[in-house]
Amino acid sequence: MIKKFLYSQKVAPYVFVLPFILVFLVFWVLPLGSSFGMSFQKIQLGQEADWIGLANYEKLMGDGIFLKAVMNSAIYMLLTLLILIPFPMLFAVLINNKFMWGREFFKSSFFFPALTSVVVAGTIFRLMFGEMEGSLINSILGWFGVDPVKFLKGQVTGFIALVALATWRWTGVNMLYFLSGLKNIPDDYYEAASIDGASAFQKFTKITMPLLKPTTIYVLTISIYAGLAMFIESMMLWNGNNSPKNIGLTIVGYLYRQGIEKNNLGYAAAVGIVLLAITMIINLTQLKLSGMFKKED
Amino acid sequence: MRRETLIKVILLILFSALCFLILVPFYAVTIASFKPGEDLIRYGLNLKFDLSVMNLDNFTYLFTGNHSYFMWFFNSLLLTVVQVTLTLLVSATVAYGFAAYDFIGKNFLFICVLLIMMVPFEILLLPLYSLTYNLGLMNSYSAIVLPGIASAATIFFFRQYLRGIPKEMIAAGRVDGATEYGIYVRLILPVMKPSFAAMAILNGMNSWNNFLWPFMVLSDDSKYTLPIGLKTLLTPYGNNYDLLIVGSFFSIIPIFILFMGFQKYFIDGMTAGAVKG
């Protein structure tokens with residue numbers, strides 16, 4: 001009887017998707033809900049919680065270090081967007097050009113950095129941007145007569161290192177995204193444009209860019225997410241979650257500091273909810289502005 | 001004809017220069033793995049190819065020294081294999097449910113899949129941490145594997161793939177008297193094989209390089225994965241560069257070899273999300 005029930009065509013689909021329902025409830029809905037609840041409490045691991053209403057949020061708004069972390073994450077996200085969208089798009093178009101020699105070789109070498117873990121890549125960059133005269137970047141600056149720079153001690157120079165790391169790791173991947181987008185553009189469009197006497201630049205702005213829009217939106221969405229949620233890159237560059245004057249502190253870094261290092265779970269949960277709100281607002285606005293919702297079937 | 005050659009040369013020069021920039025850090029870490037750690041502390045990571053200070057000591061230490069490196073390496077390997085196998089099987093099953101049937105609540109559930117892809121996992125760190133603590137799963141691999149076992153991106157990819165499989169196949173299976181589950185196991189899974197490769201690579205790479213969540217859950221040196229182990233070599237009291245650099249260098253090699261062999265699947269896996277916009 002039970003067997004017949006489980007094997008019926010009506011019940012089978014639920015059995016198939018059951019693992020997802022369970023994981024969704026246990027590892028997403030429950031934690032998200034408890035995160036939301038925790039953000040209204042004063043709570044420490046293994047202790048009784050106190051309901052304190054909006055106090056955590058009020059404290060957050062006046063917390064200079066938190067605002068610093070939000071600024072850092074926002075600036076990092078903006079810089080990665082400005083670099084990691086136009087350049088990979090341009091490289092993809094160039095590499096896709098019929099005049100390109102060694103296309104496959106360049107595609108794979110651009111992808112190499114994505115194979116390394118953040119821990120390994122972060123360590124390499126930390127050492128490359130070391131403050132000694134002999135470390136890689138400083139020795140190159142030395143050729144031009146520039147004195148050694150203490151990269152990781154300054155706000156601007158620290159961000160140069162941080163963005164360099166992101167650029168190194170993700171240029172190749174984003175280029176591949178754009179390349180797979182380019183593959184979906186039929187050659188006829190370009191041929192027709194050529195017959196009409198369009199220049200290469202016109203073809204790029206009138207055909208390539210509009211037709212790459214779905215890919216661009218995808219890359220934009222994941223870059224916003226990744227930029228705002230960045231943490232380990234900073235942790236590896238500064239060898240821990242403490243950078244001088246918090247120049248490398250990010251939102252997730254602050255969440256980690258409050259939640260794990262200081263055991264202020266409630267306060268950290270509020271940080272998480274604010275991060276969720278920021279990410280959702282930016283991404284939904286971006287998707288709305290780009291008209292993504294209209295096309296959904 | 002001459003203009004074409006000029007364009008070719010300019011493109012080649014541009015991309016060679018970019019390629020050089022991209023490969024510099026790899027070159028630097030390779031060189032550094034042949035130099036003593038003190039050299040690195042004193043002069044920093046640089047490009048000096050100086051045979052007088054270069055030797056194989058670090059590699060000797062890596063292979064014969066008294067440290068946990070290969071235990072971490074083995075842990076990473078084990079965790080990656082287990083995680084990839086379970087995630088692919090579970091996600092493929094879920095995706096089949098979405099692709100093959102119409103049922104009440106299907107659209108709602110699928111929107112949940114898409115939502116998961118938009119919520120930063122990082123904000124779940126603390127509640128998951130308390131949950132893991134309360135379930136007594138701290139310091140266990142289950143705590144790492146379970147939350148990701150029905151991976152949204154993987155489900156999404158498999159569902160797209162399964163849409164291309166004709167429904168007649170399923171109908172024919174029913175006519176032959178196969179059960180709903182028999183159809184999935186005997187007819188559909190074999191057809192899905194090509195899509196498994198790309199997803200195995202994508203999930204494998206994520207799992208091999210996964211850091212933050214395992215770092216929070218695992219507390220026992222004998223359970224550390226490679227990224228965590230390497231991270232523990234960096235302490236506020238001094239860094240074990242002898243092992244760190246050669247260990248970092250060596251950790252990249254298996255992925256490189258896989259990449260060389262299965263390049264197409266790497267690229268398919270990485271770009272899977274963007275294909276359909």
Side-chain angles (χ1 to χ4, degrees), chain A residues 7 9 12-14 16-17 19-20 23-24 27-28 31-32 34-35 45 94 97 99-101 106 108-110 112-113 115-120 123-124 127-128 130 132 134-136 139 168 173 176-177 180-181 214-215 218 225 229 231-232 239 252 259-260 265 268-269 272 275-276 279 283, chain B residues 4 7-8 11-12 15 19 22-23 25-26 28-29 43-47 90 93-94 96-98 101 103 109 112 116 118-120 122-124 126-128 130-131 133 147 149-150 155 179-180 209 211-212 216 227 230-231 234 244 248 251-252 255-256 259 263 267 270-271 273-275 277:
Chain A
Y7 276 68
Q9 249 188 73
Y14 295 101
F16 280 117
V17 298
F20 172 74
V23 167
F24 184 67
F27 295 112
W28 291 85
L32 253 182
S34 83
S35 202
L45 207 59
L94 290 179
N97 194 293
F99 300 122
M100 189 71 208
W101 270 322
F106 287 117
S108 359
S109 26
F110 276 47
F112 276 164
L115 301 175
T116 59
S117 75
V118 197
V119 172
V120 171
T123 307
I124 299 175
L127 296 168
M128 272 172 38
M132 281 88 79
S135 61
L136 210 153
S139 64
W168 183 68
V173 175
L176 287 178
Y177 285 137
S180 75
T215 316
Y218 176 78
Y225 172 124
F231 169 45
I232 313 171
N239 193 9
V252 177
I260 304 294
L265 292 181
L275 172 64
L276 177 67
T279 319
N283 257 334
Chain B
E4 278 183 21
I7 296 176
K8 277 185 182 175
L11 280 178
L12 191 67
F15 276 87
C19 186
I22 283 173
L23 296 181
F26 288 113
V29 77
Y43 305 111
L45 188 70
N46 55 42
L47 302 176
V90 171
T93 309
V94 173
Y96 177 72
F98 280 120
Y101 298 93
F103 54 92
L109 281 174
C112 294
I116 288 190
M118 288 183 75
V119 176
E122 285 79 0
I123 70 152
L124 298 175
L126 295 177
L128 271 184
S130 330
L131 182 72
Y133 179 85
I149 203 161
I155 294 174
T179 64
E180 297 300 309
N209 288 332
F211 175 70
L212 191 54
M216 288 171 68
L230 289 173
K231 172 79 177 70
L234 293 162
L244 179 65
S248 302
S251 77
I252 305 175
I255 293 217
F256 260 47
F259 178 69
Q263 231 186 86
I267 292 173
M270 287 299 284
T271 53
V275 175

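Just so it is clear, the values below take in all heavy atoms, side chains as well, and ignore hydrogens, waters and symmetry mates. Order of the sequence lines fixes the chain letters, A, B, ..., with proteins taken first and strands second; residue numbering starts at 1 for each chain.
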Asker: If you count heavy-atom pairs within less than 4.5 Å of chain B, which of A:F27, A:Y14, A:F24, A:F231 leads?
Answerer: A:F27
Asker: Most heavy-atom pairs under 4.5 angstrom with chain B, which of A:P113, A:G181, A:S34, A:A269?
Answerer: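 Looking at each of A:P113, A:G181, A:S34, A:A269 in turn, A:P113 comes out on top.
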Asker: Who wins among B:G97, B:G44, B:A28, B:C112 for the most heavy-atom pairs under 4.5 Å with chain A?
Answerer: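 Of the candidates given, the most pairs with chain A belong to B:C112.
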Asker: Do the rings of B:F15 and A:F106 sit parallel, tilted or perpendicular, given the 30° and 60° boundaries?
Answerer: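 Geometry flag for A:F106 against B:F15: tilted rings.
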Asker: Using non-hydrogen atoms only, which part of B:L131 is less than 4.5 Å away from chain A: side chain, backbone, both, or neither?
Answerer: side chain
Asker: Give, as side chain, backbone, both or neither, the part of B:S130 having an atom under 4.5 angstrom from any heavy atom of chain A.
Answerer: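 It is both, since atoms from each part get that close.
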Asker: Can you say whether the rings of B:F256 and A:F112 are parallel (under 30°), tilted (30 to 60°) or perpendicular (over 60°)?
Answerer: parallel
Asker: Which bit of B:Q263 comes within less than 4.5 Å of chain A, counting heavy atoms only: side chain, backbone, both or neither?
Answerer: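 For B:Q263, the side chain is the part near chain A, not the backbone.
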Asker: Please classify the contact between B:F103 and chain A as side chain, backbone, both or neither, with a heavy-atom cut-off of under 4.5 Å.
Answerer: both
Asker: Given a strict heavy-atom distance threshold of 4.5 Å, which part of B:I252 is in contact with chain A: side chain, backbone, both, or neither?
Answerer: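 Side chain only.
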Asker: Do the side chains of B:I116 and A:W28 get nearer than 4.5 Å, heavy atoms only?
Answerer: yes
Asker: Drop me the distance from B:I123's CD1 to A:L276's CG, to the nearest 0.5 angstrom.
Answerer: 4.0 Å
